[in-house]
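Heads up: numbering here begins at 1 and tracks the sequence.
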Amino acid sequence: MRKSWLVRIVAIAFVLTLAFTLVFSLTACSGYDVTKKEGDVTKRTSLEVGDDGKFTVLQFSDLHLTSDGSYKLDRETLRWVEEAIDKAKPDLVELTGDAVGGSKAKRDKAVLALANIFEKKKVYWAYTFGNHDGEHTDVDGKDLWLGRDGKQTLVKDVLKNVSTGELADRLFFGDNTRGNKEIFELLKGYEYSLLARSAEETADEDSETKMGVGNYVIDLKNSKGDTVFALFHMDTHGKTYIEPKGNTKGSDGYIDTGYLGLTDMQVEWYENKVKGYSEKGIKTALFMHVPSYAYREAFEVMKGNNKYGIPQFTEKADIKYWAEKNMISEDIMNIEFVKEEGIYAARWDEGLMDVIAKYPSTALISVGHDHNNSFMTKHKLGAGNEVILGYGRTSGVNAWSRDIEIGASVFTVEFESGAYEGIAVNTVYPSFKYTKYGNR
């Protein structure tokens, strides 16, 4: 009899533990709520600046969620997302790519877990896709990786500066548009999601390949209803590969050659849009995932004695040194500068800086992608025109090869008498202990 009761107690304890674990993963970590994905809501294209003349943007980059909190590292990341929102109290959250990844089923649960957090917090959020977000899809019940195994497009068809030479006919990129479209459809019904698609990218299949998913602008307006700042968002696509001569597609002979970045059509779209803001004297910022080619150029003048040829920003003295050389803004010296890996930017000069030099509206570009980089620097474009090139702090516990602490970047866009004054930058960090390194 005693043994029978003991077995029952153990069984009850097991059931309660299982139930608690399930409830925790589905509620404390926001869970997998599919109730809104089937609907649609009218998306806002503008937000209002507060009466205090400030607009706060909280940037999460490279969350790399692969579940809705079922896995420990994802549970820690989702907890951090909630805490960072409570700390920063943002007017807008920016997700700059690689928020999710993995198989389509796991990816969908992860992105909806994020959506549920933002809905619960009633905070608006914008999303720009990275190279991992939409890299998987489902075909006849089988998970398909949209890299070398999915749709492939020759790079010469989207970038004119690689249209000649022997390389052009063998260089392609894995088009992850299909996966990103699936994520877009999931988020249509969420009130606080501002993710949108431009008319240009939905015109036809060719335009969609060239534009990707999620090229859009959010205006910031003052109390009079005037636009005083604008936030641009652009899809930087996936990876590029070389198909060796003599090999068929799907072979093991492919060579990874880096990241595509922005296409000619996207840069043209950006020019057409930013021209109007520039002519009205309105400043703008650009959020995307893969760094622009200009990130490579900007640091050529900042050579240091280390294996990457670029100084590691870990000491305030180093920051002050570069600030005195007018390479780093005094306004952003209050953040921790970290440069612990190379610049994995777009491989080709997409011409973005030419547009910004022509129409000096862009004040800031903030990206993600490089998990161990978190810093800002000035990029001079002549005639007093300069743009701040920056990395948002890596935010995901599961961001692989991460050697730095996770956090989130906070941008406070400041206005005086309704007019743009500048951008202050800060970083917030978790208050709790989490797994020190991600996917090692």
Side-chain angles (χ1 to χ4, degrees), residues 43-61 80-96 117-128 191-194 216-233 274 277-278 280-288 323 328-337 360-368 374-378 386-393 395 407-429 431:
K43 298 297 182 183
R44 299 186 58 148
T45 58
S46 66
L47 295 172
E48 294 77 38
V49 176
D51 294 336
D52 61 354
K54 296 180 180 180
F55 189 92
T56 302
V57 176
L58 175 65
Q59 180 185 357
F60 293 114
S61 191
W80 165 231
V81 168
E82 293 210 46
E83 182 181 73
I85 293 172
D86 292 339
K87 282 187 173 184
K89 296 179 173 52
D91 299 297
L92 175 69
V93 168
E94 291 279 359
L95 293 179
T96 48
I117 289 176
F118 301 135
E119 287 287 298
K120 181 176 70 174
K121 297 291 186 181
K122 299 185 184 303
V123 60
Y124 288 105
W125 58 298
Y127 196 164
T128 55
E191 178 182 356
Y192 290 91
S193 167
L194 301 184
Y216 58 106
V217 188
I218 299 171
D219 288 342
L220 303 187
K221 295 181 178 290
N222 61 20
S223 59
K224 299 178 181 179
D226 301 324
T227 297
V228 289
F229 199 82
L231 305 169
F232 278 71
H233 307 80
V274 83
Y277 292 97
S278 180
K280 295 177 182 178
I282 299 171
K283 287 294 185 179
T284 65
L286 169 60
F287 291 91
M288 56 187 185
I328 295 175
S329 172
E330 294 282 354
D331 297 335
I332 55 180
M333 284 178 60
N334 61 323
I335 71 170
E336 179 186 3
F337 279 65
S361 171
T362 312
L364 165 75
I365 300 177
S366 191
V367 302
S374 178
F375 55 88
M376 306 272 160
T377 188
K378 293 179 180 178
E386 61 186 23
V387 58
I388 294 176
L389 303 181
Y391 283 94
R393 187 79 179 195
S395 306
S409 296
V410 181
F411 301 93
T412 304
V413 190
E414 299 176 338
F415 301 87
E416 181 66 35
S417 301
Y420 171 75
E421 277 287 304
I423 300 176
V425 187
N426 208 336
T427 310
V428 288
Y429 299 97
S431 63

Does [X] use its side chain to pair, donor to acceptor, with the backbone of [Y] at less than 3.5 Å?
{"X": "Glu94", "Y": "Met288", "result": "no"}
{"X": "Glu191", "Y": "Glu119", "result": "no"}
{"X": "Thr427", "Y": "Ser409", "result": "no"}
{"X": "Thr56", "Y": "Val413", "result": "no"}

side-chain contact (heavy atoms from CB on, under 4.5 Å) between Arg393 and Tyr429: does it pass, once the steps are laid out? CA-CA 10 Å; Arg393 187 79 179 195; Tyr429 299 97; 3.8 Å; yes
Angle class for the His233/Phe287 ring planes (parallel below 30°, perpendicular above 60°, tilted otherwise)? parallel
Can you tell me how the ring of Trp125 sits relative to the ring of Phe118, calling it parallel under 30°, perpendicular over 60° and tilted otherwise? tilted
Side chains of [X] and [Y] in contact at under 4.5 Å (non-hydrogen atoms):
{"X": "Asp219", "Y": "Thr45", "answer": "no"}
{"X": "Lys280", "Y": "Ser361", "answer": "no"}
{"X": "Ser46", "Y": "Thr227", "answer": "no"}
{"X": "Ile218", "Y": "Tyr124", "answer": "no"}

Tyr420 and Ile282: CA distance, side-chain angles, deciding distance, side-chain contact (heavy atoms from CB on, under 4.5 Å) verdict: CA-CA 8 Å; Tyr420 171 75; Ile282 299 171; over 6 Å; no
Glu48: which residues meet the salt bridge (Lys or Arg N to Asp or Glu O under 4.0 Å) condition with it, sequence neighbours left out? Arg44
Derivation and outcome, salt bridge (Lys or Arg N to Asp or Glu O under 4.0 Å), residues Lys54 and Asp91: CA-CA 9 Å; Lys54 296 180 180 180; Asp91 299 297; over 6 Å; no
Out of Leu364, Thr412, Val57, which one pairs with Ile423 under the side chain to side chain contact (heavy atoms under 4.5 Å, CB included) rule? Leu364
